[in-house]
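Below you'll find the structure, written out as structure tokens, and then a few comments.
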Amino acid sequence: MILVFGRTGQVARELARQAPEACFLGRDEADLSDPEACARAIREAKPDAVINAAAWTAVDRAEEEEAPATVVNGAAPGAMARVCAELGIPFVQISTDYVFDGSGERPWRPEDPVGPLGAYGRSKLAGEEAVRAAGGTHAILRTSWVFSAHGTNFVKTMLRLGATRDRLTVVMDQVGGPTPAKDIAATCLAMARALTSNPDLSGTYHLSGGPDVNWADFAREIFRQAGLPCEVQDIPSSDYPQKAHRPANSRMDCSGLSRFGLSRPDWRQGLARVLSDLQGASS
Ligand code: NDP
């Protein structure tokens with residue numbers, strides 16, 4: 001049995017679709033603000049593998065609440081990974097492109113030096129370090145720009161704004177790979193299963209949708225596929241100030257996925273699926 005932390009998030013919901021037989025723990029059953037409670041939950045469930053799909057994802061709020069964000073994103077996965085190491089079972093932790101400083105234009109490789117620009121990135125990096133330090137069988141899967149039919153994400157924000165406006169300004173100087181939550185879920189499951197028979201696959205991996213794109217072009221493709229006549233005007237990030245600084249280069253080298261027989265998904269196909277899910281939900 002696979003135990004999943006998270007029930008309501010974008011990736012957790014896709015995990016539930018793809019592996020309904022897994023056991024899902026929501027905040028009520030395991031609060032990541034209490035790492036010891038998470039460790040206890042694993043001991044009680046006695047699973048064959050654990051996937052952590054829960055996290056503090058409020059990037060701007062983390063700037064003012066770094067200590068609690070670091071408990072949720074750092075100490076809790078650390079505690080989970082230690083119990084998994086003790087029990088000899090694989091642990092899959094989802095991380096982020098925000099561990100990098102966003103410099104250059106080359107896709108980041110898993111072994112490249114990290115340098116988070118803000119509190120959220122630092123808290124997720126603390127999680128990565130704690131998982132590696134636990135010394136068990138693990139995969140750290142860094143991903144970026146997650147979207148799905150659920151929760152809050154860029155696709156849903158654009159659809160909402162694009163429905164009532166003729167024109168929108170969108171940032172053009174941040175480049176990365178939009179990633180369907182569905183592909184993240186499928187990859188986590190494949191990793192948990194592969195690690196069970198082959199612990200040598202332990203390590204850090206990247207998964208983002210291709211081709212790389214900037215936010216403005218991503219918005220244009222959303223409007224094109226959705227048939228919304230909303231014009232997108234490019235702006236620099238300096239014209240869209242946010243509390244947390246975002247990396248300019250979020251391109252990621254995903255070639256390590258081939259060790260699991262996987263490759264980079266095309267986000268444009270993932271977008272089409274999400275739009276059709278949303279249409280189905282509203283009709
Ligand atoms: P969501 O924001 O959609 O969901 C977060 C989940 O974490 C929710 O289920 C939430 O539960 C749960 N959670 C938050 N705090 C706690 C807590 N204290 N105790 C228990 N559960 C908690 O996240 P995503 O599915 O988008 O993200 C999945 C992973 O991907 C995360 O590790 C994230 O850091 C990473 N990631 C996400 C990116 C993105 O663009 N979203 C980009 C790069 C990486 P509740 O509903 O109760 O709040």
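As the structure lists them, so they are numbered: ligands from 1, and atoms in each ligand from 1.
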Looking only at distances, can you tell me whether any N or O atom of [X], backbone or side chain, sits closer than 3.5 Å to an N or O atom of ligand 1?
| X | answer |
| --- | --- |
| G9 | yes |
| A53 | no |
| G26 | no |
| S144 | no |
| Q10 | yes |

Considering the heavy atoms of [X], write down every atom of ligand 1 situated less than 4.0 Å from one of them.
| X | result |
| --- | --- |
| A30 | 19 (N), 20 (C) |
| S33 | 18 (N) |
| V11 | 25 (O), 28 (C) |
| T57 | 1 (P), 2 (O), 23 (O), 33 (C), 34 (O) |

Exercise. Does the side chain of T169 come under 3.5 Å of the side chain of Q233 through a donor N or O and an acceptor N or O?
Worked result: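 Their side chains do not contain a donor-acceptor pair, so the 3.5 Å distance test is not met.
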
Should one rank [options] by closest heavy-atom distance to [atom], which comes out on top?
| atom | options | result |
| --- | --- | --- |
| atom 42 (C) of ligand 1 | V146, L141, T152 | V146 |
| atom 46 (O) of ligand 1 | T8, V4, D31 | T8 |
| atom 34 (O) of ligand 1 | F24, Y98, W56, Y120 | Y120 |

Report yes if the distance between the aromatic ring centroids of [X] and [Y] is under 6.0 Å, otherwise no.
| X | Y | result |
| --- | --- | --- |
| F260 | Y205 | yes |
| F100 | H206 | yes |
| W215 | W145 | yes |
| F147 | F154 | no |

Problem set entry | Option among E66, E63, E64 that satisfies the salt bridge (charged side-chain N to carboxylate O under 4.0 Å, His left out) test with K243 |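 Of all the options given, the one that passes is E64.
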
Problem set entry | 4.5 Å side-chain heavy-atom contact, L275 and L159 |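 In contact.
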
Students should be able to answer this: which protein heavy-atom is nearest to [atom], and at what distance?
| atom | answer |
| --- | --- |
| atom 47 (O) of ligand 1 | R27 NE, 2.9 Å |
| atom 12 (C) of ligand 1 | A54 CB, 3.8 Å |
| atom 7 (O) of ligand 1 | A55 N, 3.1 Å |
| atom 29 (C) of ligand 1 | I94 CG2, 3.6 Å |
| atom 43 (C) of ligand 1 | T143 O, 3.2 Å |
| atom 19 (N) of ligand 1 | L32 N, 2.9 Å |

For this session: Answer yes or no for R61 and W56: cation-pi contact, defined as NZ/CZ to six-membered ring centre under 6.0 Å and angle to ring axis within 45°.
Result: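 Yes, a cation-pi geometry.
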
Exercise. Just how far is it from atom CG of L257 to atom CG of L262, taken to the nearest 0.5 Å?
Worked result: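 Taking CG in L257 and CG in L262, the distance rounds to 6.0 Å.
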
Exercise. Under 4.0 Å from ligand 1, counting heavy atoms only, is it the side chain of S95, its backbone, both or neither?
Worked result: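 It is the backbone that touches ligand 1; the side chain stays farther off.
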
For this session: Determine whether the side chain, the backbone, both or neither of K124 has a heavy atom under 4.0 Å from any heavy atom of ligand 1.
Result: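 It is the side chain that touches ligand 1; the backbone stays farther off.
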
Exercise. Quick check: does any side chain N or O of T179 sit under 3.5 Å from a backbone N or O of S144, one acting as donor and the other as acceptor?
Worked result: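 Checking the backbone N and O of S144 against the side chain of T179, a donor-acceptor pair under 3.5 Å is found.
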
Problem set entry | Electrostatic pair D183:R273 at N-O distance under 4.0 angstrom |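 Yes, charged N to carboxylate O under 4.0 Å.
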
Exercise. Is R220 paired with D234 through a side-chain N to carboxylate O contact shorter than 4.0 Å?
Worked result: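 Salt bridge present between D234 and R220.
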
